[in-house]
Engineer: 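Structure provided below as structure tokens; questions to follow.
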Amino acid sequence: MKELLNKIKNRLEESIKENEVSRVFHGRGGTIPSYDFINIDLYPPAIFITIFKDVDYSEFVNNLIQEYGEQRPIIVQERFDKDVKSISLGTDLPEKHIVTEHGLRYLVNLKQNQNTGFFLDMKDERYNLIQNSKDKSILNLFSYTCSLSVAAKKGGAKEVVNIDQKKSFLNIGRENHRLNGVDDSVIYKSWDILKSFNQIGKFGPFDMIICDPPSNQGRSFFYKKDYQKIIRRMSPYLAKDGTFVACLNTPFEKTNFLKELFENDESNWELIEERFSSTEYEELDKENGLKICIFRKND
């Protein structure tokens with residue numbers, strides 16, 4: 001444990017100097033099997049610790065409290081029971097918690113929900129959007145709090161259409177755009193995607209479609225039965241040579257699942273690139289985490 005703690009503290013110190021939101025230790029990646037129950041993130045100024053198994057983690061956390069508890073907030077989220085529990089240690093969280101990534105600012109909440117409002121595994125993808133969105137019309141499906149849209153607008157996107165069922169997420173998305181001064185030509189619709197294909201299509205054609213769904217959203221979406229429908233129904237709204245950024249985050253599938261969906265579609269798709277979780281995520285098998293397959297439409 002001592003060697004691992006030293007590694008974590010060194011990584012924390014690097015991230016604190018950068019003052020940027022980051023994954024500090026990705027235990028769930030399985031590179032150190034005996035510590036696969038814990039992830040540690042820095043959401044400046046807070047250290048955010050997620051526990052996934054009902055094990056005694058006190059020695060581990062107490063060591064970090066002794067080192068940082070007088071300087072910054074430390075939040076421990078227990079995620080091994082049906083009800084997620086958050087424990088506040090150290091100093092108080094900011095009343096309005098804003099973090100920075102790639103020079104952009106985002107609202108987060110480390111105590112209200114299981115998710116913080118910001119998925120760190122998409123860090124590299126947000127950078128890619130900053131670099132590759134100029135003058136593009138983009139459809140952002142399952143947009144959550146719209147961090148991908150913010151990155152795309154920063155990269156010069158002509159227009160972004162954000163679709164998510166929850167108005168509360170889209171409201172945070174609006175604020176994220178305002179924080180960064182990129183709130184022009186951004187559309188927000190709180191629609192059930194599977195019931196709104198025709199309405200969504202009226203905003204097309206799109207140069208890029210991003211689909212980053214939860215693997216299971218109850219009756220609204222389940223990837224095994226519904227992902228194919230989205231590809232089939234969205235395909236006509238993608239411009240020729242447009243790209244479809246297909247994302248999936250479940251340990252139960254590999255990239256082959258996404259590839260087969262596009263192979264079975266009537267449109268002529270070309271696989272451009274495969275990408276995975278951000279480079280901060282040290283993983284024994286990248287395929288167990290976030291999978292991103294980028295396809296070009298050739299007809």
Side-chain angles (χ1 to χ4, degrees), residues 26 28-30 115 119-129 132-133 136-144 147-148 152 161-165 191-198 200-201 204-279 281-299:
H26 186 55
R28 297 288 278 176
N115 296 319
F119 290 122
L120 300 185
D121 56 0
M122 292 293 281
K123 183 173 186 175
D124 292 352
E125 197 58 30
R126 282 185 286 269
Y127 180 78
N128 288 328
L129 285 167
N132 298 292
S133 297
K136 291 182 179 178
S137 177
I138 297 174
L139 173 62
N140 186 22
L141 300 173
F142 303 97
S143 60
Y144 191 39
S147 68
L148 298 177
V161 179
N162 295 291
I163 312 291
D164 198 282
Q165 269 193 281
W191 289 343
D192 182 331
I193 292 167
L194 294 175
K195 296 178 180 178
S196 308
F197 292 122
N198 291 335
I200 294 170
F206 303 101
D207 301 301
M208 180 188 298
I209 295 175
I210 304 168
C211 186
D212 183 20
S215 58
N216 189 355
Q217 201 174 47
R219 295 180 180 178
S220 299
F221 181 87
F222 179 53
Y223 77 94
K224 278 186 177 293
K225 67 181 181 68
D226 294 322
Y227 214 131
Q228 186 83 69
K229 298 175 190 174
I230 289 177
I231 295 167
R232 177 171 54 84
R233 293 298 303 273
M234 290 291 101
S235 174
Y237 307 135
L238 188 62
K240 187 178 185 299
D241 296 325
T243 54
F244 196 117
V245 182
C247 311
L248 184 64
N249 195 343
T250 172
F252 304 112
E253 305 289 353
K254 306 295 185 184
T255 52
N256 279 341
F257 175 83
L258 291 171
K259 293 174 189 176
E260 288 173 3
L261 292 181
F262 283 84
E263 287 171 3
N264 294 331
D265 189 65
E266 293 179 355
S267 295
N268 182 10
W269 298 101
E270 176 189 356
L271 177 63
I272 302 295
E273 189 177 357
E274 296 177 38
R275 297 200 280 251
F276 298 93
S277 299
S278 72
T279 50
Y281 280 56
E282 296 181 2
E283 294 179 295
L284 198 61
D285 183 356
K286 284 282 188 183
E287 292 257 7
N288 287 335
L290 173 66
K291 293 158 278 287
I292 304 173
C293 290
I294 301 172
F295 291 86
R296 179 188 291 125
K297 184 183 177 187
N298 290 329
D299 58 9

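Heads up: numbering here begins at 1 and tracks the sequence.
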Engineer: Decide yes or no for E274 and I292: does some side-chain heavy atom of the first lie under 4.5 Å from some side-chain heavy atom of the second?
Structural biologist: no
Engineer: Please walk me through it: do L194 and I230 pass side-chain contact (heavy atoms from CB on, under 4.5 Å)?
Structural biologist: CA-CA 7 Å; L194 294 175; I230 289 177; 3.9 Å; yes
Engineer: What verdict does the side-chain contact (heavy atoms from CB on, under 4.5 Å) test give for S143 and I163, after you've listed the backbone C-alpha separation in whole Å, the side-chain angles of each residue and the deciding distance to 0.1 Å?
Structural biologist: CA-CA 6 Å; S143 60; I163 312 291; 5.5 Å; no
Engineer: Between I138 and S133, what is the shortest heavy-atom contact and its length?
Structural biologist: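 Smallest interatomic distance, heavy atoms only, reads CD1-OG, 3.8 Å.
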Engineer: Less than 4.5 Å apart, any side-chain heavy atom of Q165 and any of S220?
Structural biologist: yes
Engineer: Could you work out, with side chain to side chain contact (heavy atoms under 4.5 Å, CB included) as the rule, every residue matching Y127, not counting sequence neighbours?
Structural biologist: H102, Q131
Engineer: Does any pair with a residue in residues 289-299 pass side-chain hydrogen bond (donor to acceptor under 3.5 Å, both in side chains), and if so which ones, sequence neighbours excluded?
Structural biologist: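 For residues 289-299, and leaving out neighbouring residues, the side-chain hydrogen bond (donor to acceptor under 3.5 Å, both in side chains) pairs sorted by first residue read E270-R296, E270-N298.
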Engineer: Has D265 got a side-chain atom pairing as donor or acceptor with L261's backbone, closer than 3.5 angstrom?
Structural biologist: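 No, the answer is negative, given that no donor and acceptor are paired below the 3.5 Å cut-off.
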Engineer: Of the options L129, L139, L141, which is the one that meets I210 in a side-chain contact (heavy atoms from CB on, under 4.5 Å)?
Structural biologist: L129
Engineer: Between the side chain of Y227 and the main-chain N/O of C211, is any donor-acceptor distance below 3.5 Å?
Structural biologist: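 Yes; judged by distance alone, with no hydrogens or angles, the pair exists.
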Engineer: Nearest 0.5 Å please: distance from the CD atom of E260 over to the SG atom of C293.
Structural biologist: 11.0 Å
Engineer: Could you give the distance from CZ (F276) to CG (D285), rounded to the nearest 0.5 Å?
Structural biologist: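 If we round to the nearest 0.5 Å, F276:CZ and D285:CG are 8.0 Å apart.
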Engineer: May I ask you to decide if D192's main-chain N or O and S196's side chain share a donor-acceptor pair within less than 3.5 Å?
Structural biologist: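 Checked: pair present.
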Engineer: Does a sphere of radius 6.0 Å around NZ in K225 hold more than 12 heavy atoms from other residues, nucleotides or ligands, not counting ones at 6.0 Å or beyond?
Structural biologist: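 More than 12 within 6.0 Å, yes.
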Engineer: Can you find a pair of side-chain heavy atoms, one from N198 and one from R233, that are under 4.5 Å apart?
Structural biologist: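 In short, these two side chains touch, coming nearer than 4.5 Å.
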Engineer: Assess whether side-chain contact (heavy atoms from CB on, under 4.5 Å) is satisfied between T250 and Y223, documenting all intermediate values.
Structural biologist: CA-CA 10 Å; T250 172; Y223 77 94; 4.2 Å; yes
Engineer: What distance do I193 atom CD1 and I200 atom CD1 have between them, rounded to the nearest 0.5 Å?
Structural biologist: 5.5 Å
Engineer: For T255, does its backbone N or O pair with a side-chain atom of E287 as donor and acceptor, under 3.5 Å?
Structural biologist: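 Yes, E287 side chain to T255 backbone: donor-acceptor pair under 3.5 Å.
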Engineer: In terms of relative ring orientation, are Y281 and H26 parallel, tilted or perpendicular, with 30° and 60° separating the classes?
Structural biologist: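 Judged by the thresholds at 30° and 60°, the geometry between Y281 and H26 is tilted.
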Engineer: Check whether N216 reaches the backbone of F222 with its side chain - one donor and one acceptor, N or O, closer than 3.5 Å.
Structural biologist: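 No; judged by distance alone, with no hydrogens or angles, the pair does not exist.
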Engineer: Fit a plane to each ring of Y144 and F119, take the angle between them on a 0 to 90° scale, and name the class: parallel (under 30°), tilted (30 to 60°) or perpendicular (over 60°).
Structural biologist: parallel
Engineer: Quick one: pull up CG in D121 and OG1 in T279 and give me the separation to the nearest 0.5 Å.
Structural biologist: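 The CG atom of D121 sits 12.0 Å away from the OG1 atom of T279.
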Engineer: Between D212 and E125, is there a side-chain heavy-atom distance shorter than 4.5 Å?
Structural biologist: no
Engineer: State whether the side chain of N288 and the backbone N or O of E283 hold a donor-acceptor pair below 3.5 Å, judged by distance alone.
Structural biologist: no
Engineer: Decide side-chain contact (heavy atoms from CB on, under 4.5 Å) for F262 and L271; before the verdict, give the C-alpha distance in whole Å, the side-chain angles of both, and the deciding distance to 0.1 Å.
Structural biologist: CA-CA 9 Å; F262 283 84; L271 177 63; over 6 Å; no
Engineer: State the CD1-OH distance between I209 and Y237, to the nearest 0.5 angstrom.
Structural biologist: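 These two atoms lie 10.0 Å from each other.
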Engineer: Got a second to check how far N264's CG is from K259's NZ, nearest 0.5 Å?
Structural biologist: 14.0 Å
